[in-house]
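First listed ligand is number 1; within each ligand, the first listed atom is number 1.
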Amino acid sequence: MSEPWWQSAVVYQIYPRSFADSNGDGIGDLEGIRRRLDHLSWLGVDAIWVSPFFRSPMADFGYDVSDFCDVDPIFGDLADFDRLLADAHARGIRVLIDWVPNHTSDQHPWFIESRSSRENPKRGWYTWRDPRPGGGVPNNWVAAFTEGPAWTLDERTGQYYLHLFLAEQPDLEWRHPEVVAAMHDTLRFWLDRGVDGFRMDVIHAIGKDPDLPGDPPELAATPHSALNDHPSTHALLRGIRGVLEEYDGDRMMVGEVFLLDTAKVATYYGDGDELHLAFNFPPLFTPWRAERWRDRLAEVVDHVDPRGAWPTWVLSNHDNRRHRTRYRSEARARAAAVLLLTLRGTPFLYAGEELGLEDADVPPERVVDPGGRDGCRAPIPWDAAPGHGWGGAEPWLPWPPDPGGRNTETLRADEGSILHLYRRLLALRRRSPALQRGDLVTLDAPEGVLAYRRQPVDGEGDPVLVAVNFTREPVQLEVGPERVLVASDGVGEGEPYRGTLAPEQAVILG
Ligand code: ISL
Ligand code: CA
């Protein structure tokens, strides 16, 4: 039996506003993505995940959806989506879209109806509660971004509605069977169009404790979305999985489980009947230290592997500072790329990391995101010319640092660039069964070094050895007669390994 495609795939996240603009309005769009597919083919990614492009008032830049089954005009239309999908598929690139099941926009027709009166048939599609006796919010849950209450009073009907994010993002009530049916239909809409699957936004939050118990006082400042872990979500996920299984062709779902605890994240794989993949975010918040990374690997071995589940790895996304910024040097970003692309599991790249982009420095007057996540969403520079491939208008956010040097065109012309390193890593992965699906065995290594062997599972292909020097010193590491397949700094590639790792160098040997 052949293994599912998403286990050996490398997925590339595209934040559509920031990727490529086709009509010169300064905002990226679907046609812009389509025109840049050659870059992704050249790089060698297997799949793209496109962050939301649905109709939206953009209070949370598309994570507030007012129509799950249409494209927002700022991004194009359904025909643009169909063309993007067809052209991606023609290049062998799968397409995942971003499904936002926890909440809608407050401008979604469902919510407009729901809030119109207590008797409205859609009242129960959202979570409405009376004020507490004597007035006040129903519980102490805190919303993300604002750090204010997760409740807003609707004056007209005198009840509060729940929103784990902005007040413009009311939470759907997944205990209501009509919500389940309506949301399943939104999946079918896109599955019918041919998408390969979904990234599912804050999926761990869709089921809530019906009693809405308050969060413990010591966690009262933490957004409830980072704490919600109610058992009812698991049955909901099995229902969602069932919808995907109505379709042929290995459709998949990767869930954003924003619980910073790998043991909890692992439960969302269920018994092979919930998520195919779950994002595990503790590594994304892990500093550049060998011991800390060793712990992260061990947590996956302890909690994900025993379920027969397949891990994921991610270092950057549209919600957090890029790892190039967090790790503060290109040498580390390069070594981190070797790590990310050689661990056991499915790696997720965030557009621009292959260019070694840093977050933009966004002056206060240009900050537009209520969560302050603008820096990592800076536009991708495509060439060295002043508009960097974005046509005329000033893009919606400032450029990242050094767009004249750090752009796709300039780095493609430089074989020593980080962009070429990513390409060589992807090419090696693609021809190495050990890297794609092999077991991972951690090896003894000097302090500050992480070393592991990737061992082919069924004797298919050769094992490879990976060593990452997290320190600023050269380190001796004896591993027998091996050849350097890839080095993060390019030094010595194709030559025999000499037994020394340069400072902050990572190598793949085989
Ligand atoms: O963004 C965060 C911290 O800066 C996270 O806590 C984030 O709220 C969490 O990862 C959930 O994120 C997802 O849902 C949000 C949306 O704003 C994010 O962009 C999305 O990735 C609400 O839909
Ligand atoms: Ca545009």
Side-chain angles (χ1 to χ4, degrees), residues 13 15-36 49-54 56-65 68 71-77 80 98-106 108 142-147 150 163-172 198-206 221-228 254-260 265 278-282 284-285 314 316-322 326 348 350 359 368-377 379-380 387 389-396:
Q13 182 195 354
Y15 193 70
R17 290 184 82 84
S18 306
F19 192 66
D21 178 19
S22 71
N23 62 354
D25 65 357
I27 296 178
D29 44 57
L30 295 179
E31 173 62 9
I33 300 172
R34 195 186 67 80
R35 293 186 192 168
R36 297 294 180 178
W49 142 34
V50 187
S51 282
F53 48 79
F54 316 106
S56 166
M58 305 290 168
D60 189 13
F61 294 108
Y63 284 95
D64 50 322
V65 179
F68 289 103
V71 173
D72 194 276
I74 200 85
F75 296 125
D77 58 22
D80 290 320
D98 204 322
W99 189 57
V100 189
N102 180 67
H103 43 267
T104 69
S105 162
D106 64 342
H108 195 295
V142 164
F145 313 139
T146 61
E147 271 133 55
H163 54 87
L164 298 189
F165 295 88
L166 300 173
E168 293 88 345
Q169 294 168 295
D171 278 46
L172 282 164
F198 304 90
R199 178 268 189 185
M200 298 190 172
D201 192 58
V202 287
I203 193 71
H204 65 289
I206 61 176
T222 306
H224 182 76
S225 58
L227 304 170
N228 193 86
V254 52
E256 186 202 25
V257 180
F258 197 84
L259 297 168
L260 299 180
V265 170
F279 284 126
N280 180 38
F281 285 133
L284 190 148
F285 298 107
V314 52
S316 290
N317 65 24
H318 66 294
D319 287 336
N320 296 284
R321 288 191 307 140
R322 288 177 176 276
R326 288 184 284 115
F348 286 77
Y350 178 50
D359 290 15
V368 289
D369 175 48
R373 298 161 294 180
D374 310 77
C376 63
R377 299 174 179 180
I380 303 292
W390 278 66
E394 177 76 7
W396 71 292

Any [X] side-chain heavy atom under 4.5 Å of [Y] side chain:
{"X": "Phe165", "Y": "Asn102", "answer": "yes"}
{"X": "Met58", "Y": "Arg17", "answer": "yes"}
{"X": "Phe258", "Y": "Phe279", "answer": "no"}
{"X": "Asp80", "Y": "Val71", "answer": "no"}

Could you go through the side-chain hydrogen bond (donor to acceptor under 3.5 Å, both in side chains) check for Asp72 and Ser56 one step at a time?
CA-CA 6 Å; Asp72 194 276; Ser56 166; 5.5 Å; no

For the Ca ion (ligand 2), does an N/O/S atom of [X] lie at less than 3.0 Å?
{"X": "Ser22", "answer": "no"}
{"X": "Phe75", "answer": "no"}
{"X": "Glu31", "answer": "no"}

Any atoms of ligand 1 less than 4.0 Å from a non-hydrogen atom of His103? List them with their elements.
22 (C), 23 (O)

Which atoms of ligand 1 sit under 4.0 Å from any heavy atom of Val202?
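With Val202 as reference, the close atoms of ligand 1 come out as 11 (C), 14 (O).
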
Least distance between heavy atoms, Phe61 atom then Asp369 atom
CE1-CA, 3.9 Å

Among protein heavy atoms, which sits nearest to [atom], and what does the distance come to when rounded to 0.1 Å?
{"atom": "atom 13 (C) of ligand 1", "result": "Asp201 OD1, 2.8 Å"}
{"atom": "atom 8 (O) of ligand 1", "result": "Phe165 CE2, 3.4 Å"}
{"atom": "atom 1 (O) of ligand 1", "result": "Arg373 NH1, 3.3 Å"}
{"atom": "atom 3 (C) of ligand 1", "result": "Asp319 O, 4.3 Å"}
{"atom": "atom 22 (C) of ligand 1", "result": "Asp60 OD2, 3.4 Å"}
{"atom": "atom 10 (O) of ligand 1", "result": "Glu256 OE2, 2.6 Å"}

Out of the candidates Val257, Asn317, Val265, Leu259, only one should pair with Phe281 under the side-chain contact (heavy atoms from CB on, under 4.5 Å) rule; please name it.
Asn317

For the Ca ion (ligand 2), find the closest N/O/S atom on [X] and give its atom name.
{"X": "Asp21", "value": "OD1"}
{"X": "Asp25", "value": "OD1"}
{"X": "Asp29", "value": "OD2"}

Does Phe61 come within less than 4.0 angstrom of ligand 1, counting non-hydrogen atoms of the residue?
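So Phe61 does not count as touching ligand 1.
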
Contact check, Arg199 vs ligand 1, heavy-atom distance below 4.0 Å:
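Yes; Arg199 lies near enough to ligand 1 that a heavy-atom distance drops under 4.0 Å.
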
Does Asp359 come within less than 4.0 Å of Arg373, counting only side-chain N to carboxylate O?
no

Candidates Asp98, Asp201, Asp319 - the one meeting side-chain hydrogen bond (donor to acceptor under 3.5 Å, both in side chains) with Tyr63
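Exactly one option meets the side-chain hydrogen bond (donor to acceptor under 3.5 Å, both in side chains) with Tyr63, and it is Asp98.
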
Would you find a donor on one side and an acceptor on the other, under 3.5 Å apart, between the side chain of Arg326 and the backbone of Asn320?
no

